[in-house]
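This report refers to the structure that appears directly beneath it.
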Amino acid sequence: MTSAFDKLARPVQRWIRAQGWRELRDIQTRAIHVIRDCQADVIVAASTAGGKTEAAFLPLISDVLEAEVGGIGGFDLLYIAPLKALITDQANRLEAICQEAELPVVPWHGDVAASIKTRATKRPRGILLITPESLEALFIRRGLDVPRLFRSVRAVVLDEVHTMLDSERGVQLRSLLTRLELAIGRPVRRIGLSATLGDMAQACVYLRPDDAANVQAIEAAGGEAELRLQLRGYLAGGTDKSIPAPTDLIAKHIFDHLRGTDNLVFAGSRQSVEIYADRLRTMCEDARLPQEFYPHHASLSRDHRDLVERRLKDGRLPTTAICTSTLELGIDIGDVSCVAQIGAPFSVASLRQRLGRSGRRAGKPAILRQYAVEAALDSKSSFADRLRLGLIRSTAMIELLLEKWCEPAQTGALHLSTLVHQILSIIAEKGGAHAPRLYRILCQDGPFRQVSSAIFADVLRAMGQADPALIEQTKDGLLLLGPMGETLVSHYSFYAVFQTPEEYRLISDGRELGTLPVDNMVAPGMMLIFSGRRWLVQEVDDRAKVILVTPAKAGTPPIFGGDAGIIHDVVIERMFSVLKRNDCPAYMDATAQVLLAEARSNFSQMQFSRGRIAQIGEGEWIVATGCGTVKTTTLAFALRARGFTVQIYDGFLEVLIAKCTQPLEVVLRDLADGCDAKLFADNANLMTEKFHPYLSRRLLEIDALTVRLDESCLPTLSETILFDSQLVHLA
DNA sequence: GACCTGCTGCGGCGTG
């Protein structure tokens, strides 16, 4: 058999030799064979820095070089990535390979000079690296050029595919790929690059819905580093004032154990990042040591973030980034000694991705330090504190991580907000379109396959009825942009399908520090902690959305807001299993073990080891749903519709009975018997996505029922709760 | 109860 190396074009072979590589990695060898031997779509799944880019591009570039010269013009390969930084990075790497082959490499995103874009459109050749938003802009602004630019494309490489599965941007991207194939009149080979996937079969369907069975999956074989982990417990708010607060204890532990090496500390929220970065900076100053702890999150200025990323990457000075998920994916920041996680993460998939940043060098273990903070208990403590839900979720997620499980993507969402966006985009691209054609492109060929023609018609009607209208119809049925549609599409903020909040810019001495959400109440004289430092607010300009600050001695961290995350059923089920068992995990420190024992004892005292409903006060009940956020929230909506006051927790509901409500058991019996749940009776806000304001209430409800709620679970869930609780009564 | 991501066209000015 010909070796993988022999299957590559000469210039590519020369480049490999020049790198001094002893051999190709396993996934590279396999990808080269598959990509060179057939025309199938491919998914390459391996951890960060596993050599995926080369696995895809070495054979693809070889394909291009061996194709007939003097073609009709147009880009040869298309690469789409969700981050600008990734495009810049990959362009530099590909440049080196392509220099040898004399193939142009064209980065294209919002920060790339217009002159480079103009030149590339005049003479399109080589590899185009672009974001989904810039590709969207190409369709809208230069729709007529699209066939000429892409008629010669041999393959499209989709990077970080795991972040795109069934997300708003993922659906937009798939819609653009469909439109691209329609524009050039033939399918284009798709190559997906991904981190480890929860469900490979599902990813294949995502990549090529009409021919998923023929997608070739190439997964990196095991070989993961040894994992060392510790879960440390801390108590907050105790009466003994001689014990320092957990924030100080955790900061001290990080200071003592992480100083001198490169590390990532995931603090859970931007506010928490600011708090810990401030503590650690102060500790370095007090000890007269050089600074090595830096905050990193999306509200900090690009300059500051670049500094932190450079320090981590070049590895000369020890650097610990206190960060949010900004450092979870994206550019290569090199290997870190340890990953710390403060508080429970929201998904096993993200925990795994974070951990993948550590233990990448041969012989080095991956190290995870998990910190769990729980409240000291007194007679008034809530059941959630008594059950130590944070610690239990951390434990459940660690167990699932060790079992190599991670969440598959959610499927079945209608994505009506993104559908509105794509309808406007196609009408803008073509200068007008008929409804049946739009339906065919978007819902039959494209990704909105769950949308029936009836719902599609309702969406069009809602867009026409919005005031002012998004779309209008001529006498012969052609759909055109209405006044509001025109306004939206002509502004550059249109290209992204995701929502972004309004923000102030924070400026000190002419330098931008970062941004703050406008819902922070900021006034001159206030003290702030931001970018790991303390500031005094001098001036607030509400119209220009600018806050001027000067250095100060004290301050409080700002509030950044956020939205509710979705915890998977499997995670909550595992939490219940942790609560029911009585083993003692070796990776827990003494405090964590005590907290776990307390949680288990309270769980069984509340009879949850046998039943599902516990009365904790007059008219106050706890219901154990035992399932994830979607189902638990659905039951909460159904109970609220019947007058109960309901608070949602991981796998539990706290239910307060009002005067006018029927007994909880009677209501659950009704739901178990399949009564209409009337989920939306209390008019909850359903506008969560960018184009939701242009849809009718009914469409918003239908949309919510496909992602955030699951009406079909109610009969079985209610029946299970009732059945288990009867068992308790009998006992 | 949290986090992240993206962006065009054009006018005005300076420089070679």
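Labels below follow one simple rule: chain letters A, B, ... track the order of the sequence lines, proteins then strands, and each chain is numbered from 1.
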Reckon [X] touches a base, only the sugar-phosphate, or nothing at all at heavy-atom distances under 4.0 Å?
X	value
A/Ser490	nothing
A/Lys690	nothing
A/Gly565	base
A/Ser493	base
A/His491	nothing
A/Arg302	nothing
A/Arg354	nothing

Exercise. Given A/Tyr495, which of A/Glu136, A/Arg141, A/Gln172 fulfils the side-chain hydrogen bond (donor to acceptor under 3.5 Å, both in side chains) condition?
Worked result: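 Result: among A/Glu136, A/Arg141, A/Gln172, A/Arg141 is the only option passing the side-chain hydrogen bond (donor to acceptor under 3.5 Å, both in side chains) with A/Tyr495.
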Problem set entry | Contact interval (first through last nucleotide) of DNA chain B with protein chain A, 4.0 Å heavy-atom |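 Contact boundaries, 5' end first: B/dG1 to B/dG9.
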Who passes side chain to side chain contact (heavy atoms under 4.5 Å, CB included) against [X], sequence neighbours left out?
X	answer
A/Phe346	A/Arg393, A/Ile567
A/Thr632	A/Thr625, A/Cys627, A/Ile648, A/Leu653
A/Val112	A/Pro107, A/His109, A/Ile116, A/Lys117
A/Ala349	A/Ser347, A/Cys406, A/Glu407

For this session: Using the closest heavy atom to pick a nucleotide of DNA chain B for each, name whichever of A/Ser299 or A/Tyr495 lands nearer the 5' end.
Result: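 On the 5' side of the pair lies A/Ser299.
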Seminar exercise, completed: Ranking A/Phe498 and A/Arg141 by the position along DNA chain B of their nearest nucleotide, the one closer to 5' is A/Phe498
Exercise. Residues two or more places apart in sequence or in another chain: which of them pass ring pair (Phe, Tyr, Trp, His ring centres under 6.0 Å) with A/Tyr504?
Worked result: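 With neighbours one apart ignored, the set is empty.
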